[in-house]
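Before any comments, here is the structure.
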Amino acid sequence: MSGEGQAGKTLTAVKGTHDILPGEVEVWQKVESETKRWLELYGYKELRAPIIEPTELFQKGTGETTDIVTKEMYTFVDKGGRSITLRPEYTPSVARAIVEHRLDLLGAPMRYYYIGPMFRYDKPQKGRYRQFHQVDVEVFGEKDPALDAEIVEMADGLIRGLGVAEIETLINTVGCRVCRPAFSSALRERAAAVQDRLCGDCRRKMENNPLRIFDCKVEGCREQARSFPKITGFLCAECREHFAAFRGHLDRYGVAYRHDENLVRGLDYYTKTAFEIIDRSGGQQNAVLGGGRYDDMMRDFGGPDLCGIGFALGVERLIARLSIKPEPRRFLYVVHQGEAAKAKAIELARFFRRGGVETLIEFGGRSFRNQFGRAGKLGAAWVLIVGEDETAKGIFQLKDMAAGTQVAGPPDELLKGVRS
RNA sequence: GUGGGUGUAGCUCAAUGGUUAGAGCAUCGGACUGUGGAUCCGAAGGUUGGGGGUUCAAGUCCCCUCACCCACCCCA
């Protein structure tokens, strides 16, 4: 394509965004409906927040130091001079909605889900897009580790239920404000001692987020990281008990998981439980789902002291690993010839649609042969024949395209035949 | 933001620096004006991503640029 401002430029979708066309959209619809059904079995209700939010929401909620906030947000100033951001993630919006509408005073469980687009100004690659879609799940106000286990069991069951078999569920704990500082400084100290053997990125991580050294892909760093202190040795009593109880519940559910001490989450607000579901069949962007607990986020955000836990599932990443073929829809194709028949055909199309049958009628005015050919190619289940004779008698022909059989009758009788 | 790869018809791909850039599939029309996705015949479809350069001559070589793909960073 030609560059900006050049003549002959064709318009294309914005970099990192994609059209989801008929043929593929049916897979999305299936994933969305199955997801909704599954989450609602666990008592979740849909909460729909706007796509745009005040920029400040993410600065406070997601964290000023995160990559998302420092370099990945779509931010603009609106005509009223407000700084607006297309949401890069959903959790802050839910927190805002709870505070704004005082949902915490309703007495109902604060279990929410949402499926929709998120926006991050990343460099696109496989499994990573500038507009992408997440299934987002949030629970606020429940601190029992039984919930942590229930959520992981639900997430695991959702992905398996959709047909991704080669998955692995990873769990870890990242401690809390009481115990993490000691761990961080121990880690920083240890990393500093061997820093000449770490990559540049890790030397940088050493300062602001030493936990992330654990998920570096450079072999030298991985090797060093193996001898680094583990979080489990630093956990406070509360975090230790929480993690033990969480695992106990997972065992009771029979969920297969692996404790990965290197699992850290990218967002600042996580506390205690962290989990991820990855696809084992290879590929780089293999994290299909990630989440954890964030017990301090709501309070830091200026809201009530409510703990929270949740996850986000990447819909594109999930669908890339699915091979489901939705059932083709069965529909009726109306063929007609002549002016009077055309008028009747239009009337009959409406009659069948009102009767609940998907009906397609086209107005090309071609031969019956042509129209039949087209009905066959489009995959019509039935063809309704409306010619001069039929129109005059009020008795029409209905052909079953798969069987090749044909019956005659008045419209209401044919409708019954199609619906049975 | 950093690095690598690829750009030719709607799609998948051909074309030693040398005629008017081709093929398959798809589309449309005809054979075929009351019954099928087949077959045969035909048509349409392109500023070879864009711009500049080298050359008698560029789809092909060089530079720039854009887009897509892949990887890093980070994340879903």
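A salt bridge links A/E34 with A/R37: the distance from a Lys NZ or Arg NE/NH1/NH2 to an Asp or Glu carboxylate oxygen falls below 4.0 Å. The pair A/E347-A/R350 does not meet the salt-bridge criterion, since no charged nitrogen lies less than 4.0 angstrom from a carboxylate oxygen. Using a 4.0 Å cut-off between charged side-chain N and carboxylate O, A/D148 and A/R293 make a salt bridge.
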Distances under 3.5 Å between protein N/O atoms and the N/O atoms of nucleotides 30-33 of chain B, please, pair by pair.
residue: B/rC32; atom: O2; partner: A/R369; partner atom: NE; Å: 3.0

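Taking only side-chain atoms of A/H18, from C-beta outward, the nucleotide of B/rC70, B/rG29, B/rC69 with the closest atom is B/rC69. Distance from the side chain of A/F372 is smallest for B/rU35 among the nucleotides B/rC68, B/rU35, B/rC74. The nucleotide whose nearest atom lies closest to any side-chain atom of A/K123 is, among B/rC72, B/rG34, B/rA67, B/rC72.
Residue A/R366 is in sugar-phosphate contact alone, with no base atom involved, counting any heavy-atom pair closer than 4.0 Å across all strands shown. A/I385 comes within contact range of at least one nucleobase, with a heavy-atom separation under 4.0 Å. Among the heavy atoms of the strands lying under 4.0 Å from A/G290 are primed sugar atoms or P, OP1, OP2 only; no base atom is included. Residue A/M118 is out of contact with every strand shown, counting any heavy-atom pair closer than 4.0 Å. Within the 4.0 angstrom heavy-atom criterion, only backbone atoms of the sugar-phosphate kind lie near A/A312; the bases stay farther away. If you check every strand for non-hydrogen atoms under 4.0 Å, A/E388 touches a base.
Relative to the ring axis of A/F234, A/R180 does not place its NZ or CZ within 45° and under 6.0 Å from the centre.
Judged purely by atom type and a 3.5 angstrom limit, A/R366 has no side-chain atom pairing as donor or acceptor with the backbone of A/Q371. A distance-only check finds a donor-acceptor pair linking the side chain of A/H336 to the backbone of A/E362 [under 3.5 Å].
Ring centroids of A/Y113 and A/Y44 are separated by 6.0 Å or more, keeping the two rings apart.
Applying the 4.0 Å criterion to OP1 and OP2 of B/rC70, one finds that A/Q125 has every side-chain N and O outside that range. Look at A/K15 and you won't find any side-chain N or O under 4.0 angstrom from OP1 or OP2 of B/rC66. Not one side-chain nitrogen or oxygen of A/R317 sits closer than 4.0 Å to the OP1 or OP2 atom of B/rC75.
If A/Y129 and A/A402 are placed on RNA chain B by their nearest nucleotide, the residue sitting closer to the 5' end is A/A402.
Across B/rG17 and B/rG59, the matching P atoms stand 13 Å from one another, rounded to whole Å.
In terms of the side-chain contact (heavy atoms from CB on, under 4.5 Å) criterion, residue partners of A/P109 (sequence neighbours excluded) are, by chain and number, A/R111.
Helical stems involving RNA chain B, defined as 3 or more consecutive Watson-Crick or G-U pairs under 3.5 Å, span B:1-7 with B:66-72, B:10-13 with B:22-25, B:27-31 with B:39-43, B:49-53 with B:61-65.
Checked by distance alone, A/K399 brings a side-chain donor or acceptor within 3.5 Å of a matching partner on the base of B/rG36. Counting distance only, with no hydrogens placed and no angle test, the side-chain atoms of A/Q371 and the base atoms of B/rU35 include no donor-acceptor pair under 3.5 Å.
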Q: Give the intermediate values and the outcome of salt bridge (charged side-chain N to carboxylate O under 4.0 Å, His left out) for residues A/D136 and A/R87.
A: CA-CA 13 Å; A/D136 187 88; A/R87 58 179 182 217; over 6 Å; no
